[in-house]
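Contents: one structure, followed by commentary.
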Amino acid sequence: MEKWETCSSEYIVKRPWATLRVDECKLPDGRIAKEYYVLEYPNWVNVVAITEEEKVIMVKQYRHSGNIISLEIPGGVIDGNENPADAAKRELLEETGYLFEDLELVSTIYPNPATSNNVTYCYLAKGGKKVQEQDLDEHEDIDIEFYSIDEVKQMLLNNEIPQALHVTGLMYAFLKLGVLK
């Protein structure tokens with residue numbers, strides 16, 4: 001298996017939260033793909049965060065594109081050249097008010113490598129302590145909820161966590177913790 005060669009790229013839309021380019025690519029067998037569309041997004045982090053009381057921190061927020069109220073794990077965009085672990089700690093503090101020192105990378109996944117170019121880093125954070133109130137971005141409206149690991153496992157079985165990247169992160173973290181059979 002060989003990678004494709006990018007012959008040219010042209011930006012169609014280049015905005016802070018929506019960037020679309022079209023590439024012309026040469027395939028290994030010599031064929032040309034004249035219009036291959038790529039969505040460019042910043043890289044993301046998400047975190048399975050377990051407090052010092054052994055509660056999993058979940059966040060509930062409205063997701064406009066899906067028109068849903070979504071139960072998720074904390075996370076967000078990596079700012080510029082920010083280290084992913086630092087971004088994870090920052091997002092946890094901003095969204096939940098909890099500080100975590102024990103952070104471990106459990107997965108690095110591509111949300112949809114067929115159409116987008118970004119990576120999601122998922123961390124497992126343990127022993128979090130509440131140190132401040134939420135410090136949310138302009139358009140964020142986030143409710144914080146706490147669950148036991150068994151309750152989160154049941155929510156996964158009941159299909160109550162709709163965000164695919166967060167389900168994946170939970171599965172990797174729970175495997176790391178040895179709580180999945």
Side-chain angles (χ1 to χ4, degrees), residues 16-17 41-112 116-181:
W17 295 105
Y41 293 111
N43 292 333
W44 302 324
V45 293
N46 59 40
V47 186
V48 177
I50 303 174
T51 67
E52 61 185 356
E53 296 84 21
E54 296 293 316
K55 293 293 185 178
V56 179
I57 301 176
M58 302 290 289
V59 293
K60 190 177 275 186
Q61 57 190 318
Y62 173 68
R63 294 300 195 179
H64 182 71
S65 296
N67 193 30
I68 61 170
I69 305 293
S70 183
L71 184 62
E72 305 174 350
I73 55 179
V77 170
I78 298 172
D79 292 336
N81 292 329
E82 186 178 27
N83 175 288
D86 293 338
K89 287 180 181 181
R90 176 184 50 76
E91 286 290 342
L92 281 169
L93 196 57
E94 290 173 1
E95 290 188 359
T96 71
Y98 277 73
L99 180 65
F100 287 83
E101 297 298 333
D102 183 358
L103 205 66
E104 179 182 1
L105 181 67
V106 293
S107 67
T108 302
I109 57 174
Y110 292 80
N112 187 354
S116 61
N117 70 337
N118 65 322
V119 175
T120 298
Y121 301 91
C122 184
Y123 288 87
L124 171 60
K126 296 185 286 189
K129 298 176 186 176
K130 175 108 180 191
V131 296
Q132 68 178 45
E133 296 304 312
Q134 289 175 304
D135 183 19
L136 301 175
D137 293 337
E138 177 185 4
H139 298 288
E140 286 182 315
D141 182 16
I142 296 174
D143 291 338
I144 304 168
E145 299 183 357
F146 301 88
Y147 297 94
S148 69
I149 288 174
D150 285 339
E151 288 171 321
V152 175
K153 285 170 48 179
Q154 190 60 52
M155 286 188 287
L156 288 167
L157 288 170
N158 294 343
N159 197 28
E160 296 173 14
I161 302 172
Q163 218 288 16
L165 297 174
H166 296 217
V167 169
T168 303
L170 283 162
M171 293 295 197
Y172 276 110
F174 286 179
L175 286 168
K176 183 73 176 177
L177 291 169
V179 297
L180 288 183
K181 294 180 183 179

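All values reported here derive from a predicted model rather than from experimental measurement. Side chains included, hydrogens not; waters and symmetry mates left out as well; all remaining heavy atoms used.
When the ring-ring contact (aromatic ring centres under 6.0 Å, His included) test is applied to His64, the partners found at least two apart in sequence or on another chain are Tyr62. For Glu145, the side chain to side chain donor-acceptor pair (under 3.5 Å) partners are Lys60, Tyr147, not counting sequence neighbours. Remark: Asn112 pairs with Thr115 by the side chain to side chain donor-acceptor pair (under 3.5 Å) rule, at least two apart or across chains.
The distance from the CD atom of Gln61 to the CD1 atom of Ile68 is 10.0 Å, given to the nearest 0.5 Å. One finds the CE atom of Met171 at 8.0 Å from the CG atom of Leu175 (value rounded to the nearest 0.5 Å). Atom NZ of Lys126 is separated from atom OG1 of Thr51 by 13.0 Å, given to the nearest 0.5 angstrom. Note that CD of Gln154 is 7.5 Å distant from CD of Glu160, once rounded to the nearest 0.5 Å. We find the OH-CG distance between Tyr172 and Leu124 to be 14.0 Å, quoted to the nearest 0.5 Å. Considering CZ of Arg90 and CG of Asn83, their distance stands at 11.0 Å, rounded to 0.5 Å.
Using modelled atom types, no side-chain atom of Lys153 and backbone atom of Phe174 make a donor-acceptor pair closer than 3.5 Å. Side chain of Asn117 to main chain of Tyr41: a donor-acceptor pair is present (N/O by atom type, distance under 3.5 Å, no hydrogens or angles). With hydrogens and angles ignored, the 3.5 Å screen pairs no side-chain donor or acceptor of Glu91 with any backbone N or O of Asn46. Between the side chain of Tyr123 and the main chain of Val45, no donor-acceptor pair closer than 3.5 Å is present. Distance alone, capped at 3.5 Å, is enough to place a donor-acceptor pair between the Gln134 side chain and the Glu95 backbone.
Side-chain atoms of Val152 and Ile161, non-hydrogen and from C-beta on, do get closer than 4.5 Å to each other. Within the 4.5 Å cutoff, side-chain heavy atoms of Val56 are placed close to those of Ile149. Under the 4.5 Å side-chain criterion, counting only non-hydrogen atoms from C-beta, Thr96 is not in contact with Ile142. Contact annotation: the side chain of Ile73 approaches that of Met58 to within less than 4.5 Å [non-hydrogen atoms, C-beta and beyond]. Val77 is listed as a side-chain neighbour of Trp17, based on a closest heavy-atom distance under 4.5 Å. A heavy-atom distance below 4.5 Å is not found between the side chains of Leu92 and Tyr98. In this structure, Cys122 and Ile109 have side chains that are not in contact, with every pair of non-hydrogen atoms separated by 4.5 Å or more. Side-chain contact between Pro84 and Asn43: absent, with no pair of heavy atoms (C-beta onward) separated by less than 4.5 Å.
Counting only residues at least two apart or in different chains, salt bridge (Lys or Arg N to Asp or Glu O under 4.0 Å) contacts with residues 166-177 comprise Glu104-Lys176. Listed by first and then second residue, the salt bridge (Lys or Arg N to Asp or Glu O under 4.0 Å) pairs that reach into residues 42-59 come to none, sequence neighbours excluded. Residues in residues 61-77 take part in these salt bridge (Lys or Arg N to Asp or Glu O under 4.0 Å) pairs, two or more places apart or across chains: Arg63-Glu72.
Counting heavy-atom neighbours within 6.0 Å of Asn159 CG, excluding the residue itself, gives a total of 12 or less. Open room surrounds NZ on Lys129; 12 or fewer heavy atoms of other groups in view lie less than 6.0 Å from it.
Under the side-chain contact (heavy atoms from CB on, under 4.5 Å) test applied with Pro74, the options Leu93, Ile144, Val48, Val59 reduce to a single match, Val59.
In terms of heavy atoms, Ala125 sits closest to Leu103 at CB-CD1, 3.4 Å. Here the closest heavy-atom approach between residue Val106 and residue Ala173 is recorded as CG2-N, 4.1 Å. Taking every heavy atom of both residues into account, Phe100 and Ile50 meet most closely at CE2-O, 3.2 Å.
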